[in-house]
Structure formats: C-alpha cells, structure tokens
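Just below is one structure, and these are the notes that go with it.
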Amino acid sequence: MDKKTVFSAIQPTGSIHIGNYLGAVKNWCKLQDEYNCYFAIADLHSLTTSLNSAASLLRSNIFDMYCMLLACGLNTSQCTFFCQSGVVQHSQLAWVLNCYTQYGEAKRMTQFKDKSQKNSDNVNVGLFAYPILQAADILLYNAHYVPIGIDQKQHLELSRNIAERFNQRYSPTFNVPDLLIPKVGAKIFSLTEPLQKMSKSDENLNSYILLTDDNDTIVRKIKRAVTDSGDRIEYSKDKPGLSNLLSIYCAFSECSPAKVVDIFESASYAQLKEELSALVVAHLEPIRTEYQRLKLEKTFIKRCMEEGADKACHTAKKMLDKVYKKVGLM
Ligand code: TYM
C-alpha cells in the first residue's frame with residue numbers, strides 16, 4: 001500500500017529551541033519510517049522578518065538549520081529534506097492560492113496580528129500572505145498530515161479551507177491535510193514567564209534552551225526556571241512553571257504525565273530540576289556534537305540540499321502543472 005504523505009517546515013532562525021524540537025522536529029524524525037515525508041527549511045518565510053539583517057546571516061542560518069535537523073535525526077535516504085527557495089513551485093502555487101484566499105480570512109490570522117504589532121516598522125505584504133505560502137508548501141506535496149506545534153494550528157486550518165474551496169470550485173485536487181500534534185510538547189512555555197510560549201524572539205535569553213546551548217548553560221537555565229509556590233509536584237493550572245517543567249520531562253523521557261508525577265511524588269522542586277537537567281543534557285549533547293561535525297562538511301551538506309530540492313521539485317512540478325491546467329493557465 002502507498003505510504004501517506006507528511007509535510008512540515010521550520011524557519012531558519014539560527015539555532016532551534018526545545019519548543020521547536022519537542023513540538024515538531026523530534027516527531028518528524030519518528031515519522032520518516034512510516035510515511036512519505038517532505039521536510040523543508042522555510043527560508044522564503046524568513047524574508048518577511050529579515051528587512052534589516054544581512055544576507056550573509058540568512059545564508060548561514062539556512063546552512064546551520066540544515067545541519068541541525070540532520071543532527072537531530074532527519075535522514076535524507078528516508079525523507080526528502082530541502083530548502084523551500086530551491087523549489088520554485090512553492091512561490092508559483094502560493095500566487096495561485098493568493099487568488100483563492102479572501103482578504104478577510106488572511107486578516108484574521110493571529111500570528112499576523114502579533115507580528116505586525118511587534119514589528120510595526122515592517123508590516124510587509126509578505127507577512128500578510130505568509131500563511132498562504134504555508135498552504136502552498138503543504139498542498140504542493142498533497143500532504144495528508146502536517147506535524148506541528150499548536151501555534152501553527154490556525155495556519156493549518158486556513159490551508160484546509162483553501163484546499164476545500166479549490167476542490168469544490170474545480171474538482172478534487174488536494175488532500176485536505178490533518179494536523180499531527182504531539183500528546184505532550186505541543187506547546188512548550190517560556191522558562192521565565194511560563195504563561196508565554198517559548199520563543200526565540202524573547203529578549204530574555206534565559207527563557208529558552210537552544211539545542212546549541214552547552215551543558216552548563218542548560219543546567220543554569222533550568223535551575224533559574226520560574227517555579228510556583230508550594231512544594232507538591234503536580235500538574236496544575238495554578239502551577240504553570242512547574243507544569244511546564246513536567247511537560248518538558250515527559251516529552252524528553254517519553255513517559256506519560258501520570259508516570260512522571262509518580263516518579264517525582266516525594267521529590268523537591270530542586271530535585272526535579274536536577275533530574276530534568278541531567279535528562280536534557282544527555283539528550284542534547286550528542287545532537288550538539290553531531291551538529292558541530294556536520295557544520296564542517298560543507299560539500300556534503302550542499303549536495304544533500306541540492307538532491308533534496310531535485311527530489312521535491314519532481315513532485316512539486318506535477319502538482320503545479322495540474323493546478324495550472326485546472327485554473328486555465330497555458
Ligand atoms: P516555526 O519555524 O516558528 O516553528 C517550527 C515548529 O516548531 C513549533 N514550535 C513549538 N512547538 C512547541 N512549543 C513551542 N514553544 C514552539 N515554538 C515553535 C511550531 O509549531 C512549528 O511546528 N510557519 C512555520 C513554518 C512553516 C510550516 C510550513 C510549518 C512554513 N511552511 C508548512 C508547517 C507546514 C513556522 O514559522 O514555524
């Protein structure tokens with residue numbers, strides 16, 4: 001039987017944090033065996049926020065992200081792994097889909113509202129059309145599933161609406177993709193403000209753990225993480241800081257929340273933090289070492305990127321041809 005298709009992507013923001021890893025990338029690695037997987041570095045999306053940064057920075061961030069995802073476990077012989085800008089059909093399909101998306105529905109996207117507020121000096125049209133390019137990414141490969149963190153849910157719903165509308169207007173063309181979110185780790189919160197999502201754009205460097213952080217930094221950040229009053233280890237709405245640490249423990253250890261609460265039943269907050277630090281360090285250290293090694297393999301990485309883009313192009317071209325034909329383009 002044919003394998004179902006999975007698509008997901010990540011922006012090249014330098015290093016990734018444990019939110020990206022637990023919410024998305026760790027699952028991508030697991031899905032490679034079972035599904036026909038396409039994973040992309042969403043470098044075109046990054047242009048929406050790179051007005052004042054140097055071209056060389058974006059270039060090195062793309063390269064670093066490619067190395068990082070390989071270090072995390074993406075395997076180019078099991079999945080198609082490429083940079084979005086290397087497959088021209090992404091922007092071509094995005095243009096067509098722009099014309100099948102209403103201004104009002106794009107305007108409702110909360111990420112657009114948040115980003116426009118945060119970067120009021122650069123509210124560009126690309127930022128507005130961002131989720132439609134994301135829909136093109138997904139629909140181009142006819143994905144059945146999209147593994148993402150919860151913050152991307154609204155964008156996925158828009159992709160589904162666009163696919164349904166197009167299918168109705170013409171004839172069945174796109175699969176209507178489903179979201180795949182992990183049971184734990186779909187939303188990792190800031191270590192310093194546990195009601196906020198963990199995010200690289202946070203000015204407080206202690207609020208997130210990067211996959212490139214060294215062991216001492218990881219231990220220090222977890223030690224400083226905000227916990228709540230009381231001393232009982234439990235999941236609770238009133239204890240967002242503690243609940244976040246427990247979720248991180250669950251996601252790394254792959255133990256159920258109930259089991260983790262059991263393990264730490266009679267432990268102190270300090271003991272939980274110590275155990276969590278040891279777990280995170282043990283998990284991330286080999287990834288970091290592999291990442292450093294891959295960064296030196298420039299020719300190999302460039303070849304993987306080119307081969308990935310060629311493979312992706314092959315599928316993307318067929319879908320774009322089909323769409324052009326359906327809408328009446330020559
Ligand atoms: P990006 O680069 O912001 O994030 C990549 C993935 O990480 C997840 N994520 C989190 N998960 C849990 N906790 C967090 N604190 C956390 N922060 C981020 C995100 O949900 C995402 O899965 N627009 C997308 C990239 C993209 C894309 C696509 C994704 C472009 N095209 C097509 C899916 C399908 C983005 O900026 O993700």
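All ligand and atom numbering here is 1-based and tracks the order in the structure.
A salt bridge is defined here as a Lys NZ or Arg NE, NH1 or NH2 lying under 4.0 Å from an Asp or Glu carboxylate O, and Lys295 with Asp64 meets this definition. With respect to Glu290 and Arg293, a salt bridge is recorded, a charged nitrogen being found less than 4.0 Å from a carboxylate O. A salt bridge links Lys26 with Glu254: the distance from a Lys NZ or Arg NE/NH1/NH2 to an Asp or Glu carboxylate oxygen falls below 4.0 Å. A salt bridge does not link Lys311 with Glu307: every distance from a Lys NZ or Arg NE/NH1/NH2 to an Asp or Glu carboxylate oxygen is 4.0 Å or more.
The protein non-hydrogen atom at the shortest distance from atom 25 (C) of ligand 1 is Ala9 O, 3.5 Å. Looking only at heavy atoms of the protein, atom 5 (C) of ligand 1 is closest to Ile10 CG1, 3.5 Å. Looking from atom 22 (O) of ligand 1 to the surrounding protein, the closest heavy atom is Gly149 N, 3.2 Å. Scanning the protein heavy atoms around atom 28 (C) of ligand 1, the nearest turns out to be Gln134 CG, 3.3 Å. Scanning all protein heavy atoms for the shortest distance to atom 31 (N) of ligand 1 gives Asp137 OD2, 2.7 Å. Nearest protein heavy-atom neighbour of atom 11 (N) of ligand 1: Gly19 O, 3.1 Å. Protein heavy atom at the shortest distance from atom 1 (P) of ligand 1 is Gln11 N, 4.2 Å. For atom 18 (C) of ligand 1, the closest non-hydrogen atom on the protein side is Asn20 ND2, 3.1 Å.
Thr217 and Asp214 are linked by a side-chain donor-acceptor pair at a separation below 3.5 angstrom, with hydrogens and angles left out of the test. Tyr38 and Thr315 share a donor-acceptor pair across their side chains, judged by distance under 3.5 Å alone.
Once rounded to the nearest 0.5 Å, the distance linking CD1 of Ile16 with CG of Leu22 reads 9.0 Å. We find the CG-CH2 distance between Leu180 and Trp28 to be 12.5 Å, quoted to the nearest 0.5 Å. Atom NZ in Lys115 sits 10.5 Å away from atom OG1 in Thr110 (nearest 0.5 Å). Rounded to the nearest 0.5 angstrom, Glu193 CD and Asn206 CG are separated by 12.0 Å.
Within ligand 1, counting atoms from 1 as listed, the ones closer than 4.0 Å to a heavy atom of Gly23 are 11 (N), 12 (C). Short contacts between ligand 1 and Ala24, defined as distances under 4.0 Å to a heavy atom of the residue, involve ligand atoms 6 (C), 7 (O), 22 (O). Close approach of ligand 1 to Val146 (heavy-atom distance below 4.0 Å) involves ligand atoms 33 (C), 34 (C). Set against the non-hydrogen atoms of Ser8, the atoms of ligand 1 under 4.0 Å away are 33 (C). Ligand 1 places these atoms under 4.0 Å from at least one heavy atom of Ala42: 30 (C). Those atoms of ligand 1 that come under 4.0 Å of a heavy atom in Gly185, given as number and element, are 12 (C). Residue contact check: Lys197 has heavy atoms under 4.0 Å from atoms 15 (N) of ligand 1. Every atom of ligand 1 is numbered from 1 in the order shown, and the set under 4.0 Å from a heavy atom of Ala186 is 11 (N), 12 (C), 13 (N).
For atom 21 (C) of ligand 1, the nearest non-hydrogen atom from the set Gln152, Met65, Lys153, Gln111 comes from Gln152. Among Trp28, Phe7, Tyr21, Tyr130, the residue whose heavy atom lies closest to atom 35 (C) of ligand 1 is Tyr130. Comparing Ile188, Leu179, Ile148, Asp151 against atom 19 (C) of ligand 1, the shortest heavy-atom distance belongs to Asp151.
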**Report entry** Residue pair Asp43, Ser85: steps toward the side-chain hydrogen bond (donor to acceptor under 3.5 Å, both in side chains) verdict
**Finding:** CA-CA 6 Å; Asp43 48 1; Ser85 61; 2.5 Å; yes

Report task. Determine, stepwise, if the pair Lys326 / Thr173 fulfils side-chain hydrogen bond (donor to acceptor under 3.5 Å, both in side chains). Result -> CA-CA 9 Å; Lys326 290 214 178 187; Thr173 309; 3.0 Å; yes

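The aromatic ring centroids of Phe82 and Tyr141 lie less than 6.0 Å from each other.
Residue-level proximity to ligand 1 for Lys187 is carried by the backbone, the only part with a heavy atom below 4.0 angstrom. For His45, every heavy-atom contact with ligand 1 shorter than 4.0 Å involves the side chain, none the backbone. When non-hydrogen atoms are compared, ligand 1 lies under 4.0 Å from neither the backbone nor the side chain of Leu156. The residue Ser199 has no part lying near ligand 1, judged by heavy-atom distances below 4.0 Å. Contacts of Ile138 with ligand 1, taken as heavy-atom pairs under 4.0 Å, involve the side chain alone. Residue-level proximity to ligand 1 for His155 is absent, since no heavy atom of it falls below 4.0 angstrom.
Other residues, nucleotides and ligands place no more than 12 heavy atoms under 6.0 Å from the CZ atom of Arg232.
Heavy atoms of His17 come nearer than 4.0 angstrom to ligand 1 in at least one pair.
Applying the salt bridge (Lys or Arg N to Asp or Glu O under 4.0 Å) test between Asp321 and each of Lys317, Lys325, Lys318 identifies Lys317 as the sole match.
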